[in-house]
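Proteins come first, then strands; the chains are lettered A, B, ... in the order of their sequence lines, and each starts at number 1.
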Protein chains: 2
Amino acid sequence: MATIQDVAKAAGVSAMTVSNVINGHPNVRPATRDRVLAAMTRLDYRVNVAARNLRKGRTGTIGLAVPEVNRPYYGRLAAAIIAAAGRHGLRVSIEQTGARREDELAALSLSRNRLYDGLILCTVGMGQADVEALEVDHPVVILGERIFGGPVDHVAMPNEAASEAATRHLLERGCRRVALVCGRLDGEVDVSSLRHAGYLRALTGAGLAADPELVVTAESLTMREAARHLRGKVADGLDFDGVFCVTDTVAMGVLRALADAGIRVPEQVRVIGFDNVDESAYLVPSLSTVDPDHDLMAERAVALLAARVDRAGPGPGREEFVGPFRLVVRESTGG
Amino acid sequence: MATIQDVAKAAGVSAMTVSNVINGHPNVRPATRDRVLAAMTRLDYRVNVAARNLRKGRTGTIGLAVPEVNRPYYGRLAAAIIAAAGRHGLRVSIEQTGARREDELAALSLSRNRLYDGLILCTVGMGQADVEALEVDHPVVILGERIFGGPVDHVAMPNEAASEAATRHLLERGCRRVALVCGRLDGEVDVSSLRHAGYLRALTGAGLAADPELVVTAESLTMREAARHLRGKVADGLDFDGVFCVTDTVAMGVLRALADAGIRVPEQVRVIGFDNVDESAYLVPSLSTVDPDHDLMAERAVALLAARVDRAGPGPGREEFVGPFRLVVRESTGG
DNA sequence: AAGATCGGTTGTATCGATAAAAAGCTGCCA
DNA sequence: TGGCAGCTTTTTATCGATACAACCGATCTT
C-alpha cells in the first residue's frame with residue numbers, strides 16, 4: 001500500500017508538498033500539484049487515517065450511544081444523526097447500550113479513549129444522580145431526558161408541551177376519561193414522567209380531575225409490555241374513552257390490545273402516540289401522533305458537538321435546545 | 001492527557017513495560033504490574049487508539065454499509081451486527097448508502113482508506129456488473145442479494161426456498177389466486193427477482209399457472225409504493241385471494257391498501273410477508289411472515305469478516321452462507 | 001543595486017504506541 | 001566460580017502524516 005513518501009518520491013517532491021496538495025493548502029504551484037495528483041492516481045494512494053488522526057489528535061468519528069438501533073425511534077434518530085454528521089464531515093460509530101446505565105457510562109469512557117472526537121449520548125439508564133459522570137474533558141451532547149442541568153450541551157424533546165397538546169387533542173375530540181400508557185414513574189425526569197406531567201396539565205387545563213386509575217405503567221416501553229398491561233386494565237373493567245401513549249411503539253401495543261378486546265378505534269376509544277415513526281401512517285387504523293422533528297434535533301445535536309470539537313476546549317456555557325413539535329391527526333383519533 | 005510515557009515515568013519503568021501490562025503480556029513481574037496499574041489509575045491513563053492503530057495497522061472498527069438504519073429490516077440487521085461485532089471485539093461505523101450504487105461504491109473505497117479493518121456491505125444499488133469493484137485488497141463481506149459469485153465472502157437469505165414456502169403456505173390455506181407484491185424485476189439477482197422465482201416455483205409445484213396479472217411491481221419496496229400499487233390493482237378489479245409480499249414493510253403497505261378497499265384479511269384475502277420485523281406480531285391483523293434468523297446471519301457475516309481481518313491476507317477461497325428460515329403463521333393467513 | 005517580501009518547497013521533529021532485539025538479572029548446575 | 005538458561009526489562013526503530021521553521025529563488029521597493 002502506497003504511503004505519502006512513495007507518492008513524494010514518484011512525483012519528485014517532498015512528502016510535505018504531497019501533504020499540502022492533499023489538504024488543499026494554497027501556495028502549491030499548479031504544475032507541482034498536477035504532478036503530485038498524477039502520482040497519487042498512478043500509485044492508487046489513500047491517506048492512512050490512523051496516522052493522520054495521531055498527528056492531528058482527531059479521529060473524524062463521533063460516537064452515538066443509543067439503547068438499540070432496532071427500536072423505531074432510535075433507528076429514526078440514528079439515521080438522522082448519521083446523515084447530519086455526514087454533512088459535518090464526521091462519521092458515526094454506534095454503541096448499543098441496551099438502555100443499561102453501566103453501558104451508557106462505558107460509552108462515556110470509550111469516548112475518553114480518544115476513540116471518538118465526541119459523543120452523542122441518549123441517556124435512558126443513567127439518571128440525574130450520574131451528572132458528575134459527565135464532567136469529562138471531551139465533547140458530549142446529551143440527547144433525551146433523564147439528565148437536566150448537566151455540564152454538557154443538551155438536546156431535548158418538547159415533552160411536556162407536546163404531551164399536553166396530544167392529550168388536549170383527545171379532550172377536544174370529546175374524550176372525558178383519557179388513559180395514559182407509560183413506563184415506570186420513578187421520580188426521575190424520564191420520558192414517562194415528563195409526558196405524564198404534560199398529560200396532567202392538559203387535564204387540569206380542561207378542568208378535569210386526574211384519576212390515578214387511568215395511568216397504566218408498563219415495565220418497559222415495548223409493544224409487548226404495553227399490550228400486556230392494557231389488556232390487564234381492560235380485563236379489570238377500566239372505563240376509558242381515550243389513550244395517550246408515551247411512544248408510538250407503546251401505541252402499537254395498545255392498538256393490538258384494544259383489537260383483542262374487541263374495542264373499536266376511534267369509535268369507542270381514541271388513541272394518540274408520540275414520535276411519528278414511519279409505520280404510524282400505515283397502521284390500521286392509522287395512528288395520530290406527535291411529530292417532534294427528529295431531523296432538526298439530530299442536526300442540532302451534531303452541530304453542538306461539532307462546534308465543541310472544533311473549539312477543542314471547554315467553550316462557552318452549556319446550551320439547552322428543545323425541539324419544536326407538530327400534531328399529526330390521523331384515524332385513531334377520528335381525524 | 002497522560003501518555004504511556006507519563007505512566008512509565010510515574011511507575012519508574014519503561015514505556016514498553018507499560019505496554020506489556022496493558023496488553024496482558026506474560027513475563028511481567030506481579031510487583032511491576034501492580035506499580036504500573038497503580039500509576040495508570042493515578043494518572044487516569046487511556047490508550048491513544050490512533051497511535052495504536054497506526055502501529056498495529058488495525059483500527060478495531062468495521063464498516064457497515066446499509067441503505068438506511070431507519071428501515072425496519074436494516075435496523076434489525078444493524079442491531080444484530082453491532083452486537084455480533086461487539087462479541088468479536090470490534091466496533092461498527094455505519095455508512096448510509098440510501099440504496100444508491102455510487103454510495104455503495106464509495107463505502108467500498110472508504111474502507112480502503114484503512115478507516116475500517118473491513119466492510120460488511122449490503123448491496124442494494126450495485127449489481128452483478130459491479131463485481132470487479134469487489135476486487136479489493138481488504139476484507140469485505142457481502143450481505144444480501146444482487147451480487148453472487150463475487151470474489152468475497154457472501155451471506156445471503158434463503159430467498160427462493162423461503163418464498164416458495166411462504167407462497168405454498170397460502171396455497172395450503174386454500175388460496176388459488178395468489179398475488180405477489182415486489183419491486184422491479186430488472187433481471188438482476190435482486191430481492192424481488194429471487195423471491196419471485198420462489199413464488200413461481202410454489203405455483204408450479206401446486207400445478208397452478210402463473211398469471212402475470214397477479215405480479216404487482218412497485219417502484220420501491222416502501223409502504224407507500226406498495227400501498228399505491230395495490231390500490232391501483234384493486235381499483236382495476238384484480239381478482240385475488242392471497243398476497244405474498246416480498247418484505248414485511250411492503251406487507252404493511254398492502255394491509256393498509258386492503259383496509260382502504262374494505263377487503264377483510266384473512267377472510268377475503270390472506271397476506272404473508274418476509275423478514276419478521278418486530279412490528280409484525282402486533283399489527284392488526286398480525287402478519288404471517290418468514291423469519292430468516294437475522295442474528296445468525298449477522299453473526300456469520302461478522303465471523304467471516306473477522307476471520308479475514310485476523311488472517312490479514314487473501315485467505316482461502318470465498319465462502320457462501322445461506323441462512324435458515326422459519327415460517328411464522330399469524331392472523332393474516334388465518335393462523 | 002541592495003534589501004525586503006513573498007510564494008513555493010523541504011528538512012526535522014513529533015504525535016503515542018508497539019515489535020523486535022538487546023541487555024540485565026536471577027538462580028542453578030557443573 | 002564460571003557459564004548458561006530463562007525470566008524481566010529496556011533500547012531502538014518504526015508505523016504515516018503533518019506542524020513548524022528554515023530555506024531558496026524570484027519579484028518588488030526605494
Would you tabulate the nitrogen or oxygen pairs shorter than 3.5 Å linking the protein to nucleotides 14-16 of chain C?
| unit_1 | atom_1 | unit_2 | atom_2 | d |
| --- | --- | --- | --- | --- |
| C:dT14 | O2 | A:Arg55 | NH1 | 3.0 |
| C:dG16 | N2 | B:Ala51 | O | 3.4 |

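As rounded to whole Å, 15 Å separates atom P of C:dA13 from atom CE of A:Met16. A straight line from CG of B:Asn20 to C1' of D:dT10 spans 10 Å, rounded to a whole angstrom. One can place NE2 of B:His25 at 16 Å from P of D:dC7, the figure rounded to the nearest angstrom. Atom P of nucleotide D:dG25 and atom CZ of A:Arg29 are separated by 12 Å, given to the nearest angstrom. Between A:Ile22 atom CD1 and D:dA17 atom P the separation is 7 Å, expressed in whole Å. When rounded to the nearest whole Å, the span between CG of A:Leu115 and P of C:dA17 equals 13 Å. Taking atom CZ on B:Arg58 and atom P on C:dA19, their separation rounds to 11 Å, with Å as the unit.
Note on A:Arg29 versus A:Asp34: no salt bridge recorded, every NZ/NE/NH1/NH2 to OD/OE distance being 4.0 Å or above. Contact check on B:Glu319 versus B:Arg308 returns no salt bridge, with no Lys/Arg side-chain nitrogen under 4.0 Å from an Asp/Glu carboxylate oxygen.
Formation of a donor-acceptor pair under 3.5 Å by the B:Ser19 side chain with backbone atoms of B:Ala15 is not found in this model. In terms of modelled atom types and a separation under 3.5 Å, the side chain of B:Arg33 and the main chain of B:Val21 share no donor-acceptor contact. Of the possible donor and acceptor atoms, none in the side chain of A:Arg300 sits under 3.5 Å from a partner among the backbone N and O of A:Gly323. Remark: side-chain polar atoms of A:Glu104 are not paired, donor with acceptor, to backbone N or O of A:Ala65 under 3.5 angstrom.
Note on A:Val18: nothing from the nucleic acid sits closer than 4.0 angstrom, heavy atoms only.
OP1 or OP2 of C:dT10 lies within a sub-4.0 Å distance of a side-chain N or O belonging to A:Thr17. Checking the phosphate oxygens (OP1, OP2) of C:dT9, a side-chain nitrogen or oxygen of A:Thr32 falls inside 4.0 Å. Look at A:Asn23 and you'll find a side-chain N or O under 4.0 angstrom from OP1 or OP2 of D:dT18.
Nearest to the side-chain atoms of A:Asn27 among the listed nucleotides D:dT11, C:dG8, C:dT10 stands C:dG8.
Checked by atom type, the side-chain pair A:Asn53/B:Asn53 shows no donor-acceptor distance below 3.5 Å.
If you find the closest nucleotide of DNA chain D to B:Arg33 and to A:Val49, the one lying nearer the 5' end belongs to B:Arg33.
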